[in-house]
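A quick write-up on the structure given underneath.
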Amino acid sequence: MKLGPVLLTLPLVLAAACSGGDDIGTNPNALCGDESRATDYVSGLELDTTDAAFTVRLTDVMVADTPQPPDRGNNLWTFEVLDSAGSPVTDATVEMKAWMPDHGHGTNPLWNDARPMNGGGYEVGAFDLFMGGFWQFTFRVDQAGNTDEGVVGFCIEG
């Protein structure tokens, strides 16, 4: 059995599957209409970390310099980190990973370092959500060796 032609065509098939050219036809909700894993984005959305050491509060999302929910294209997110008592954490190291579990890939780079902002809070980005579908966002917070992660998922329309 010869596998040569099969192995040569496999990269083409994989490239087409993750090309970002999702055909949603005449139904703009085709990608996200039935996505039960996704959370609806609202400014102020709070995400508790796994061990409840921290809460991440999303405060603003900018896509291509326009305030809106997470969407395809370059995203810049701002957020706050709170400790378990609800007090702001301004001295943490925070990373965010954008990952498509159904496709087995994320953004490049995979982990994006958040930058502290004046007056508290953090920003991460710009990172490119280059295709529509379900994305998971992992926030890894480390404060003085206390590390915890929280995950939230959003569905990005095509």
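Given the structure is predicted, the values throughout are model-derived calculations rather than measurements. For reference, positions follow the sequence shown, starting with 1.
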Kindly say whether the aromatic ring centers of His103 and Phe134 come within a distance under 6.0 Å.
-> no
In the single-linkage hydrophobic clustering (I, L, V, M, F, W, Y; side-chain heavy atoms under 4.5 Å), do Trp77 and Phe130 co-cluster?
-> yes
What is the distance from atom OG of Ser84 to atom CG of Asp51, rounded to the nearest 0.5 Å?
-> 11.0 Å
Closest heavy-atom contact between Val89 and Ala92?
-> CG1-CB, 3.7 Å
Flag side-chain contact, heavy atom, 4.5 Å: Leu47 against Phe139 = yes
Is any side-chain heavy atom of Pro70 closer than 4.5 Å to a side-chain heavy atom of Ile156?
-> yes
Taking 4.0 angstrom as the limit, do Glu35 and Arg37 come out as a salt bridge?
-> yes
Between the CD atom in Glu123 and the CE atom in Met117, the distance rounded to the nearest 0.5 Å is 5.5 Å
Heavy atoms of Gly132 and Met100 approach each other most closely as O-CE, 3.5 Å
Might you point out which heavy atoms bring Val63 and Arg72 nearest each other, and give the distance in Å?
-> CG1-O, 3.4 Å
Mind running side chain to side chain contact (heavy atoms under 4.5 Å, CB included) on Val141 and Val81 for me, showing each step along the way?
-> CA-CA 8 Å; Val141 180; Val81 176; 3.9 Å; yes
Do you know the tightest heavy-atom contact between Arg115 and Gly125?
-> NH2-O, 2.6 Å
Show your reasoning for whether side chain to side chain contact (heavy atoms under 4.5 Å, CB included) applies to Val124 and Phe79.
-> CA-CA 8 Å; Val124 65; Phe79 58 94; 3.9 Å; yes
State plainly whether one hydrophobic cluster holds both Leu129 and Met131, where clusters connect Ile, Leu, Val, Met, Phe, Trp and Tyr through side-chain heavy atoms under 4.5 angstrom apart.
-> yes
Residues, nucleotides or ligands: over 12 heavy atoms within 6.0 Å of Asp91 CG = yes
Val42 reachable from Leu76 in the ILVMFWY side-chain graph, under 4.5 Å edges = no
In Å, rounded to the nearest 0.5 Å, how long is the span from CG of Asn74 to CE of Met62?
-> 12.0 Å
Does the side chain of Thr59 reach to within under 4.5 Å of the side chain of Glu80, using non-hydrogen atoms?
-> yes
Which distance, rounded to the nearest 0.5 Å, do you find between the CG of Asp71 and the CZ of Phe154?
-> 12.0 Å
Say whether, by atom type as modelled, one donor and one acceptor occur between the side chain of Asp148 and the main chain of Ala53 under 3.5 angstrom.
-> yes
From Leu110 atom CG to Phe127 atom CZ, the distance as rounded to the nearest 0.5 Å = 12.0 Å
For Ala38 against Cys155, the heavy-atom pair lying closest together | CB-N, 3.7 Å
May I have the step-by-step check of side chain to side chain contact (heavy atoms under 4.5 Å, CB included) for Phe137 and Trp99, ending in yes or no?
-> CA-CA 6 Å; Phe137 302 91; Trp99 182 255; over 6 Å; no
When rounded to the nearest 0.5 angstrom, what is the spacing between CD in Gln68 and OG in Ser43?
-> 13.5 Å
Given the options Asp48, Asn146, Val94, Leu82, Phe54 meets side chain to side chain contact (heavy atoms under 4.5 Å, CB included) only with Asn146
Between Glu95 and Asn112: side-chain donor-acceptor atoms closer than 3.5 Å | no
Candidate pair Arg140 and Trp111, rule side chain to side chain contact (heavy atoms under 4.5 Å, CB included), full reasoning | CA-CA 10 Å; Arg140 181 183 295 155; Trp111 285 95; 3.0 Å; yes
